[in-house]
Amino acid sequence: MLIHPKTKEAYQLLHQGTLAFARAEQAGMRIDVDYCQQKKEELTNRINQLEKEILNSKFGKRWQHSTKSKINLNSNYQLSYFLYNVQKLEPAKVTITGKGSTDDETLSGLRIPELDKLLEMKKLLKIRDTYLDAFLREQVKGFIHPFFNLHLVRTFRSSSDRPNFQNIPKRDKEAMQLCRKALYPRKGNQFLAMDFSGIEVRMACIYTQDEKLIYDTVHGDMHKDMAIELYMLDSLDKHNSGEAVLRQAGKNGFVFPEFYGDYYGNCALSLLKWAEQGKLKDGTPCLIHLQDKGLIKLNKNGTVKNNDKFIEHVKHVEDMFWNERYKIYTKWKDKTWGLYQKKGYIDMYTGFRCSGLMNKKDVTNYPFQGTAFHCLLWTFIEIDKRMRKENWDSRPISQVHDEVTVDTHPDELQHVSKSIKNIATKELPEAWDWINVPLDVELEKTKVDESWADKKYFEI
DNA sequence: GGAACTCGCCAC
DNA sequence: AAACGTGGCGAGTTCC
């Protein structure tokens, strides 16, 4: 499998992107070294406490007894052996090599208090050893300089390392705060962030020219629509907290996985997990609602006893999704797959060619993923150019696939905000005339001297 | 004692 | 018939 620039424009994008990223890497991001050290200590205390509690429990003693070597709470190998070979529990999942799984979902499903403690401990270890440690290890004079690579990803996205700046916790509130409160703009400055709304789906619109997909992306709300179908709701109010969860479920439990090539079986299970947290606006828990609709049967303790009907239902929704709602998209997939099989490659609008051995999912995903990132890359290059031409103090310093962060001088905030929004939504579609759906962005900022955890939505 | 592999988890 | 796309990285384990 190989993707390569096929036109001079594509080559220029890589060349200029590399130079713009190099300037961002050189600028770097300020970190609070004292904070990192202090939080590391606090985390270590909490980890030690949890460790002690687990080791002193009956569960811990039995585990210790089962292993020939010294007990190590961080060893999934030991844990798997203890749970499934010694205690003879039934693993809900097995790994590729056939051992009983010890991932979060499997362990929490066993409902053993010590395992819940262990999971808490693992979470804290991850924060301490993967993020705070990396910041301290990589910092030079209070700045980290994450690298952004353009030569490592099959789809011609970017990657980041030393430290990886593209996977810092966001969804888990506690992990997000602990990690992102380490990151600051230069003193007296503020963060400004811009991200493209649904850029991959918009690329899908452009390649497939599916009218329904275009309509839903520009005017509609497909995540809400799908949540309504999947959970058999009459309506959904995304400003109601219980129903907002269900919309999230529609998005992360169905729409995105389906676009990436997943199928109804996995989606149904994921949707039921989400349903545990969701409520209808009258307060009915979603699982009860699904039981009332005859889609599942519940045990007395509230867990799911039977989900056959629900899986059948999700299968039907999937069928409608691909063969009715987005049937033009589906036709495009078949056509593109056929074309690839004949020619041995597929071209992106940005002048890159993907060739070599690919399966159908790859062939129908890579163009969207790569092209979406190239929109960000083009934008980043233009921001960098503008910065140098107009002698900004502000500096673009990082990007995460569809988002760029600028360490911004407060006097320049208005001008920089307007400039980057204009570049992304006006100049980009003018430069690339194949972009025939509107592009949209969201802006976030912090106040002066606030951390990256404090970013808030704002309008110019 | 380092390379390679496995598992798990973070992001888009 | 089968069944999730792209990465980086830490810790444990096994291989050489």
Side-chain angles (χ1 to χ4, degrees), chain A residues 1 3 67 69-81 93-107 118-119 121-134 137-138 146-172 175-176 178-180 195-201 203-204 251-270 311 314-315 318 333 354 358-373 376 398-404:
Chain A
M1 216 301 295
I3 304 184
T67 172
S69 47
K70 191 174 181 313
I71 183 169
N72 180 350
L73 297 190
N74 229 347
S75 167
N76 289 327
Y77 185 86
Q78 277 186 18
L79 179 59
S80 180
Y81 180 78
K93 261 197 307 212
V94 292
T95 65
I96 298 171
T97 54
K99 288 196 275 288
S101 167
T102 55
D103 67 10
D104 191 331
E105 200 190 342
T106 310
L107 294 187
L118 183 65
L119 289 170
M121 191 183 120
K122 281 167 180 272
K123 186 185 121 177
L124 301 180
L125 276 165
K126 172 94 178 162
I127 297 167
R128 188 189 69 179
D129 296 344
T130 303
Y131 298 105
L132 298 183
D133 250 1
R137 188 180 64 240
E138 299 295 341
F147 288 84
F148 297 98
N149 312 300
L150 286 171
H151 63 297
L152 295 177
V153 182
R154 302 158 68 88
T155 60
F156 261 86
R157 255 195 187 179
S158 66
S159 72
S160 169
D161 58 17
R162 290 183 292 165
N164 181 354
F165 204 72
Q166 296 179 323
N167 71 346
I168 297 170
K170 183 171 185 177
R171 287 163 204 156
D172 183 294
M176 185 280 271
L178 280 165
C179 296
R180 297 191 175 206
D195 79 288
F196 280 104
S197 316
I199 188 75
E200 276 194 35
V201 177
M203 294 304 115
K251 177 178 174 181
N252 296 321
F254 184 81
V255 174
F256 281 0
E258 286 284 344
F259 280 147
Y260 286 139
D262 205 356
Y263 87 115
Y264 64 88
N266 289 334
C267 292
L269 298 182
S270 166
I311 293 174
V314 177
K315 182 180 180 185
E318 180 187 75
K333 285 203 280 197
C354 321
M358 289 179 278
N359 63 31
K360 188 176 177 184
K361 281 175 195 159
D362 295 339
V363 166
T364 52
N365 267 327
Y366 289 1
F368 306 160
Q369 197 174 104
T371 310
F373 172 67
L376 187 281
S398 74
Q399 55 80 21
V400 189
H401 309 306
D402 65 352
E403 169 187 329
V404 51

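Excluded from the calculations below are hydrogen atoms, water molecules and symmetry mates; all remaining heavy atoms, backbone and side chain alike, are included. Reminder, nothing fancy here: chain letters follow the sequence lines and each chain counts from 1.
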Determine: side-chain N/O of [X] to OP1/OP2 of [N], distance under 4.0 Å, yes or no.
X	N	result
A:Thr130	B:dC9	no
A:Tyr263	C:dA2	no
A:Arg157	C:dT6	no

> How far, in whole Å, is B:dC9 from C:dC4 if one measures between their C1' atoms?
Replying inline: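 Approximately 16 Å lies between the C1' atom of C:dC4 and that of B:dC9.
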Please classify the nucleic acid contact of [X] as base, sugar-phosphate, or nothing, using heavy-atom distances under 4.0 Å.
X	result
A:Leu125	nothing
A:Asn149	nothing
A:Asn365	sugar-phosphate
A:Thr364	nothing
A:Gly265	nothing

Looking at the side chain of [X], which of [options] is the nearest nucleotide?
X	options	result
A:Ser159	B:dC9, C:dG8, B:dC10	C:dG8
A:Arg154	B:dC10, C:dT6, C:dA3	C:dT6
A:Thr155	C:dA3, C:dG7, C:dT6	C:dT6
A:Tyr131	B:dC12, C:dT6, B:dC10	B:dC10
A:Val400	C:dG8, B:dG8, B:dC12	B:dC12
A:Ser101	C:dG10, B:dG8, C:dG7	B:dG8
A:Asp161	B:dC12, C:dG8, C:dG5	C:dG8

> Quick one: A:Glu138 CD to C:dG8 P, roughly how many Å, whole number?
Replying inline: 14 Å
>> Before you tell me yes or no, could you show the steps for A:Thr155 and A:Asn365 under side chain to side chain contact (heavy atoms under 4.5 Å, CB included), namely the whole-Å CA-CA distance, both residues' side-chain angles and the distance that decides it to 0.1 Å?
In response: CA-CA 9 Å; A:Thr155 60; A:Asn365 267 327; over 6 Å; no
> Is A:Gln166 side chain donor-acceptor paired with the C:dG7 base, going by distance under 3.5 Å alone?
Replying inline: no
>> At less than 3.5 Å, do the side-chain atoms of A:Lys126 and the base atoms of B:dC9 form a donor-acceptor pair?
In response: yes
> Could you walk me through whether A:Arg137 and A:Arg162 pass the side chain to side chain contact (heavy atoms under 4.5 Å, CB included) check?
Replying inline: CA-CA 9 Å; A:Arg137 188 180 64 240; A:Arg162 290 183 292 165; over 6 Å; no
> Where along nucleotides 11-16 of chain C does protein come under 4.0 Å, by heavy atom, of base (B) or sugar-phosphate alone (S), with - for untouched nucleotides?
Replying inline: SSSS--
> Hey, is A:Asp133 close enough to A:Arg128 for a salt bridge, meaning N to O under 4.0 Å?
Replying inline: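 No, no charged N to carboxylate O under 4.0 Å.
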> With a 4.0 Å cut-off, would you call A:Asp172 and A:Lys123 a salt bridge?
Replying inline: yes
>> Restricting to non-hydrogen atoms, name the atom on A:Met358 and the atom on A:Tyr366 that form the minimum distance, rounded to 0.1 Å.
In response: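 Heavy atoms of A:Met358 and A:Tyr366 come nearest at SD-CD2, 3.8 Å.
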> When you look at CZ of A:Phe259, are more than 12 heavy atoms from neighbouring residues, nucleotides or ligands closer to it than 6.0 Å?
Replying inline: yes
>> A:Ser75: which residues meet the side chain to side chain contact (heavy atoms under 4.5 Å, CB included) condition with it, sequence neighbours left out?
In response: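 Here the qualifying residues are A:Asn72, A:Tyr77, A:Gln78.
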>> According to side-chain hydrogen bond (donor to acceptor under 3.5 Å, both in side chains), who are the partners of A:Asn149, at least two apart in sequence or on a separate chain?
In response: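 A:Asn149 satisfies side-chain hydrogen bond (donor to acceptor under 3.5 Å, both in side chains) with A:Ser159 once adjacent residues are dropped.
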> Relative to the 5' end of DNA chain C, which residue comes earlier, A:Pro163 or A:Asp262, by the nucleotide with the nearest heavy atom?
Replying inline: A:Asp262
